[in-house]
2 protein chains.
Amino acid sequence: MNKINLTAQRKAVLEAVQYDDGHPTAAEVMERLREQGQQFAYATVYNSLKYLTDVGLLRELKLGEAASRYDARVDDHHHIVCKQCGRVDEVLSPTPDEWITAVEKATNYKVSNSHVVFEGVCGTCAQHKV
Amino acid sequence: MNKINLTAQRKAVLEAVQYDDGHPTAAEVMERLREQGQQFAYATVYNSLKYLTDVGLLRELKLGEAASRYDARVDDHHHIVCKQCGRVDEVLSPTPDEWITAVEKATNYKVSNSHVVFEGVCGTCAQHKV
DNA sequence: TATAAGATTTATACTAAATCTAAATATAAA
DNA sequence: TTTATATTTAGATTTAGTATAAATCTTATA
């Protein structure tokens, strides 16, 4: 029974992700902490993000950019990225089971999970017609 | 009307991806070229991969690893990664339209494309029970 | 309380993937 | 040919992240 050891640094990193409205990168977490006057070593932020991901309090997202993003929502879900402004939103609708079954049949894999990155234009950008 | 300018280097890079049975990374393309006695500058391989992707002869895949992989199959499709051996296979079954419509409704985005990374265990690994 | 064991943080060095720069070379156009 | 444009090259640089080892903090126990 591994207890989660939330040190001050880890707590601050966790909260920085939780209270970010988007899905911040490690660099953005650093920046946010600095704004709050909580400056930790570079490695501490990375270590904390890794630890929090390992214990299941955060989820690491690799959306095709160079840097990983972190999500305080850890339930299984997908993401949608706006091609214009770059914002990332949650997609809570799960991958249809029938589709997964079809893919398993076609590929001869046993699928354990899937992650979808949708791309498109968000409502705000569609209005502002950038 | 932009004609595609296939220099010797670009052609060699394209063929290295085409004749690779997997989805090679830039480093793997380099290696394969070296094996063939065709050694180009690091930047040339990257430039070529970029050019070939831009003109639509290759597709860049970001599957959550550090390095991008390249796919000579440029039609819209998904990928499945074996958690055990790391092999990457094509998933040709398209994202169900009804699901995309549901996601658009739920997120208020206009979806232009989607890419799914399935994870699981391939037939070979399932047999060998690693 | 003192002390030792273990975990965490920190600064710094390092690595991997990719891009940038500017000179050199090749190709095409006038 | 001469000039213009594009491509390749070597090497420096950038970015994201990891490794290392000393320093610090916690916890457990005598």
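Each chain gets a letter, A, B and so on, in the order its sequence line appears, and its residues count up from 1. All values below come from the heavy atoms of this structure, side chains included, with hydrogens, waters and symmetry mates left out.
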How far apart are the C-alpha atoms of B/Asp89 and B/Arg87, what are their side-chain angles, what is the distance that settles it, and do they pass the salt bridge (Lys or Arg N to Asp or Glu O under 4.0 Å) test? CA-CA 7 Å; B/Asp89 283 294; B/Arg87 69 177 282 172; 2.8 Å; yes

Could you give me the CA-CA distance, side-chain angles and deciding distance for B/Glu90 and B/His23, then say whether side-chain hydrogen bond (donor to acceptor under 3.5 Å, both in side chains) is met? CA-CA 10 Å; B/Glu90 320 281 5; B/His23 299 77; 3.0 Å; yes

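Atom NE2 in B/His115 sits 11.5 Å away from atom NE2 in A/His115 (nearest 0.5 Å).
For the ring-ring contact (aromatic ring centres under 6.0 Å, His included) test, no residue two or more places apart in sequence or in another chain qualifies with A/Tyr70. Residues that satisfy the ring-ring contact (aromatic ring centres under 6.0 Å, His included) test with A/His78, not counting sequence neighbours, are B/Trp99.
As rounded to whole Å, 17 Å separates atom C1' of D/dT14 from atom CD of A/Glu65.
When every heavy atom of B/Ala72 is checked against every heavy atom of B/Gln18, the shortest pair comes out as CB-CG, 3.7 Å. Heavy atoms only, all atoms of each residue included: B/Val17 and B/Pro24 are closest at CA-CG, 4.1 Å. The two residues A/Val116 and B/Ser114 have their closest heavy-atom pair at CG1-CB, 4.2 Å. Closest heavy-atom contact between B/Glu104 and B/Val111: OE2-N, 2.8 Å.
At a threshold of 4.0 Å, the pair A/Glu15-A/Lys11 counts as salt-bridged, since one of the basic side-chain nitrogens sits closer than that to a carboxylate oxygen. The pair B/Glu60-B/Lys50 does not count as a salt bridge, with every side-chain nitrogen at least 4.0 angstrom from each carboxylate oxygen.
A/Thr25 comes within 4.0 angstrom of no nucleic acid atom, judged by non-hydrogen atoms across all strands.
Under the 4.5 Å side-chain criterion, counting only non-hydrogen atoms from C-beta, B/Arg10 is in contact with B/Asn5.
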Base, backbone or nothing for each nucleotide of nucleotides 23-30 of chain C, written B, S, -, heavy atoms under 4.0 angstrom, 5' to 3'? --------

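Within a 6.0 Å sphere centred on NZ of B/Lys83, other residues, nucleotides and ligands contribute more than 12 heavy atoms.
Within residues 5-14 of chain B, the residues having any heavy atom under 4.0 Å from DNA chain D are, by residue number, B/Asn5, B/Thr7, B/Gln9, B/Arg10. DNA chain D lies under 4.0 Å from at least one heavy atom of each of the following residues of residues 28-57 of chain A: A/Tyr42, A/Ala43, A/Tyr46.
Remark on the helix from C/dT1-D/dA30 to C/dA30-D/dT1: inter-end axis angle 10°, axes from five-pair C1' superpositions, rounded to 10°.
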